[in-house]
2 protein chains.
Amino acid sequence: MTTVGPTGDDLVEMLAALANPLRMRIVARLADRRDYVSHLAREIGVSRPLLHMHLRKLEAAGLIVGNLELSEDGKAMKYYEVTDFSLHLTASALAEAAKTLTPEKGPGAEEHS
Amino acid sequence: MTTVGPTGDDLVEMLAALANPLRMRIVARLADRRDYVSHLAREIGVSRPLLHMHLRKLEAAGLIVGNLELSEDGKAMKYYEVTDFSLHLTASALAEAAKTLTPEKGPGAEEHS
DNA sequence: GCCATCCGTAAAGAAAATCTTACACCTGAT
DNA sequence: ATCAGGTGTAAGATTTTCTTTACGGATGGC
């Protein structure tokens, strides 16, 4: 059985994206229905710049996707929606992912010539 | 179907604990076999105080547990091992968890008497 | 006594994440 | 022209997380 899943680094990024109350709420809202930035900001009660930042992080992790659309009255609106992610986290799954983590930036242990 | 799972806040804590390369490696090691602090620190190549801090975070999240034991030669050694956690992360699972998140510390929206 | 192993923590510095405020741009309606 | 609504981003203050360095205490063997 080789489910492959995301690399260790990608997994860390996804987990980091979800490990925040505000972002968890954002995902929850978008899971119910897609929405555009300004409206979502009002719904959740956050400033637009702040929401923008969190959306970027969620999108970078591949948990949501946004695309710019034009409303009938010509306004440019960016709609976000969740992707079909599904992560099963167990100790062994983590062990598997850990194998593909970028090696830590050590103090440059000298490689002999 | 009511799988209940952890509360939103607990889930955030667990995800935050796992969303770190070093801690992911720690869990990976402990998933293979339990170990005590000093040895684990040498294996992973980290200072003991640093490892200690990460272990605390993982334990606080309920992902690992440690207990102090006495080796034959009388040394006190703290052994850590992983717990049987299992988290299934999907958009709807997140939406469910988000319902039990602690309300944000708002600027104290006045409660009318 | 002195050294080696184990345990822990406190204090201070470096780095990263979070949040606010302010700005700039575009479109349609008044 | 001005306003209302949408978009985005940049700079700075604040907070949290990560990391190092320096301590302290306990045990057993030389």
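Naming convention: chains lettered A, B, ... in sequence-line order (proteins, then strands); numbering from 1 in each chain. Computed from a predicted structure; not experimentally measured.
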Taking [atom1] from [X] and [atom2] from [N], how many angstroms apart are they, rounded to a whole number?
X	N	atom1	atom2	value
A:Glu59	D:dG8	CD	P	10 Å
A:Asp73	D:dG5	CG	C1'	9 Å
B:Glu13	D:dT16	CD	C1'	15 Å
A:Leu68	C:dC25	CG	C1'	13 Å
A:Arg48	C:dC19	CZ	P	17 Å
A:Leu40	D:dT7	CG	P	10 Å
A:Tyr80	D:dG8	OH	C1'	10 Å
A:Met77	D:dA4	CE	P	17 Å

Output yes when at least one side-chain N/O atom of [X] is less than 4.0 Å from OP1 or OP2 of [N], else no.
X	N	answer
A:His54	C:dA17	no
A:Asn20	C:dA17	no
A:Arg42	D:dG6	yes
B:Tyr36	C:dC6	yes

By the 4.0 Å heavy-atom rule, please label B:His52 as base, sugar-phosphate, or nothing.
base

How is B:Val37 classified with respect to the nucleic acid when contacts are heavy atoms under 4.0 Å: base, sugar-phosphate, or nothing?
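Sugar-phosphate: the residue B:Val37, judged by heavy atoms under 4.0 Å, touches backbone atoms but no base.
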
Side chain B:Arg23, main chain B:Leu18, donor-acceptor under 3.5 Å
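Such a contact is absent between B:Arg23 side chain and B:Leu18 backbone.
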
Heavy-atom donor-acceptor pair, A:Thr83 side chain to A:Gly62 backbone, under 3.5 Å
yes

Which nucleotide wins on minimum distance to the side chain of A:Pro49, given the candidates C:dC19, D:dT9, C:dC6?
D:dT9

Verify salt bridge (Lys or Arg N to Asp or Glu O under 4.0 Å) between A:Lys75 and A:Glu69, making sure each step is shown before the conclusion.
CA-CA 8 Å; A:Lys75 300 266 180 62; A:Glu69 301 179 14; over 6 Å; no

Could you say whether A:Arg56 or A:Lys75 is positioned toward the 5' end of DNA chain D, judged by the nucleotide with the nearest heavy atom to each?
A:Lys75

Both B:Ala76 and A:Met53 contact DNA chain C. Taking the nearest nucleotide for each, which residue is further toward the 5' end?
B:Ala76

Do B:His88 and A:Leu87 make a side-chain contact, defined as non-hydrogen atoms from C-beta onward lying under 4.5 Å apart?
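No - every pair of side-chain heavy atoms lies 4.5 Å or more apart.
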
What distance separates B:Met14 CE from B:Asp9 CG, expressed to the nearest 0.5 Å?
11.0 Å

